[in-house]
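Taking it in order: structure first as structure tokens, then the write-up.
Small disclaimer: the values here were computed from a predicted structure and weren't measured.
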Amino acid sequence: NPVTPSTEVSIAIGVVGNNTAKGSYDVEITTMANSGTEIDEGTTPNFSIAPGALHHFSVVTSGNATAGANFLVTMTAQDFYNNTVTSFSGQATLNDKTGAMSPIISGAFSNGARSENVTFTKSHSNNQVTVTYDNKSGNSALFNVLPSTLDHFTFDTFSSPKTAGT
């Protein structure tokens, strides 16, 4: 039915086209006549799209690690669309393929993110850090844990004297 001039019309918009990006938005609406000329325009009040629930973790490492040395792991709690879940402040479980990583529980996240120094006591090729909380997890890219420098030699005891040739 045609709307007569000066009649107030309320339009409800129920679909947000870009639900993947958290942030603050408004929508511009333009009313057009059948001829294509603009009749009126307006802008909605500002509204926000908040991140969804925790879905997984982004786990970032840089280069190879050396056994016994600090190795930085950067973790971010993310929703299904990879938005940072800024409300996440938990402590996650950390593990890797060596089984010799410390710590195995992260410190508390702040605004959905945490950078943590870890150490490995064993060398290992193609290692990977896994971060888990409440059955939600994420894996780092593969990296190597290189052996540390030589610290000392250990000799077993042996009886003396020894006989040459035996």
Just distance, no hydrogens or angles: give the donor-acceptor pairs under 3.5 Å from side chains in residues 90-103, sequence neighbours left out.
{"from": "Gln91", "atom 1": "NE2", "to": "Ser106", "atom 2": "O", "distance (Å)": "3.0"}
{"from": "Asp96", "atom 1": "OD1", "to": "Thr98", "atom 2": "OG1", "distance (Å)": "3.2"}
{"from": "Asp96", "atom 1": "OD1", "to": "Gly99", "atom 2": "N", "distance (Å)": "3.2"}
{"from": "Asp96", "atom 1": "OD2", "to": "Thr98", "atom 2": "N", "distance (Å)": "3.2"}
{"from": "Asp96", "atom 1": "OD2", "to": "Thr98", "atom 2": "OG1", "distance (Å)": "2.6"}
{"from": "Asp96", "atom 1": "OD2", "to": "Asn127", "atom 2": "ND2", "distance (Å)": "2.9"}
{"from": "Lys97", "atom 1": "NZ", "to": "Asn126", "atom 2": "O", "distance (Å)": "3.4"}
{"from": "Thr98", "atom 1": "OG1", "to": "Ala100", "atom 2": "N", "distance (Å)": "2.9"}

If the condition is ring-ring contact (aromatic ring centres under 6.0 Å, His included), which residues does Phe71 pass it with, not counting sequence neighbours?
Phe120, Phe143

Donor-acceptor contacts under 3.5 Å from residues 130-140 side chains, at least two apart:
{"from": "Thr130", "atom 1": "OG1", "to": "Asn139", "atom 2": "OD1", "distance (Å)": "2.6"}
{"from": "Ser140", "atom 1": "OG", "to": "Val129", "atom 2": "N", "distance (Å)": "3.0"}

What's the spacing between Leu146 CG and Thr66 OG1 if we round to 0.5 Å?
5.0 Å

Mind checking the CZ-OG spacing from Phe88 to Ser110? Nearest 0.5 Å is all I need.
11.5 Å

Between Gly52 and Val85, the two heavy atoms sitting closest are O-CG2, 3.6 Å

Looking only at heavy atoms, the pair that brings Leu54 and Ala77 closest together is CD1-CB, 3.7 Å

Measure across Ser123 and Pro147 and return the closest heavy-atom pair with its distance rounded to 0.1 Å.
CB-N, 3.7 Å

Point-to-point distance, once rounded to the nearest 0.5 Å, from OG of Ser87 to CG of Asp79
10.0 Å

Where is the tightest heavy-atom contact between Ser89 and Ala108, given as atom of each residue plus distance?
O-CB, 3.7 Å

Does anything in residues 107-121 pair up under salt bridge (charged side-chain N to carboxylate O under 4.0 Å, His left out), and if so which pairs, sequence neighbours excluded?
Arg114-Glu116

Nonpolar side-chain network containing Ile105, other nodes, edges under 4.5 Å:
Ile104

Assigning hydrophobic clusters by single linkage (Ile, Leu, Val, Met, Phe, Trp, Tyr; side-chain heavy-atom cutoff under 4.5 Å), is Val118 placed with Met75?
yes

Which value, rounded to the nearest 0.5 Å, describes the distance between Ser125 atom OG and Asn144 atom CG?
4.5 Å

Only pairs at least two apart or in different chains count here, so list each side-chain hydrogen bond (donor to acceptor under 3.5 Å, both in side chains) that has a residue in residues 50-62.
His56-Gln78, His56-Asn82

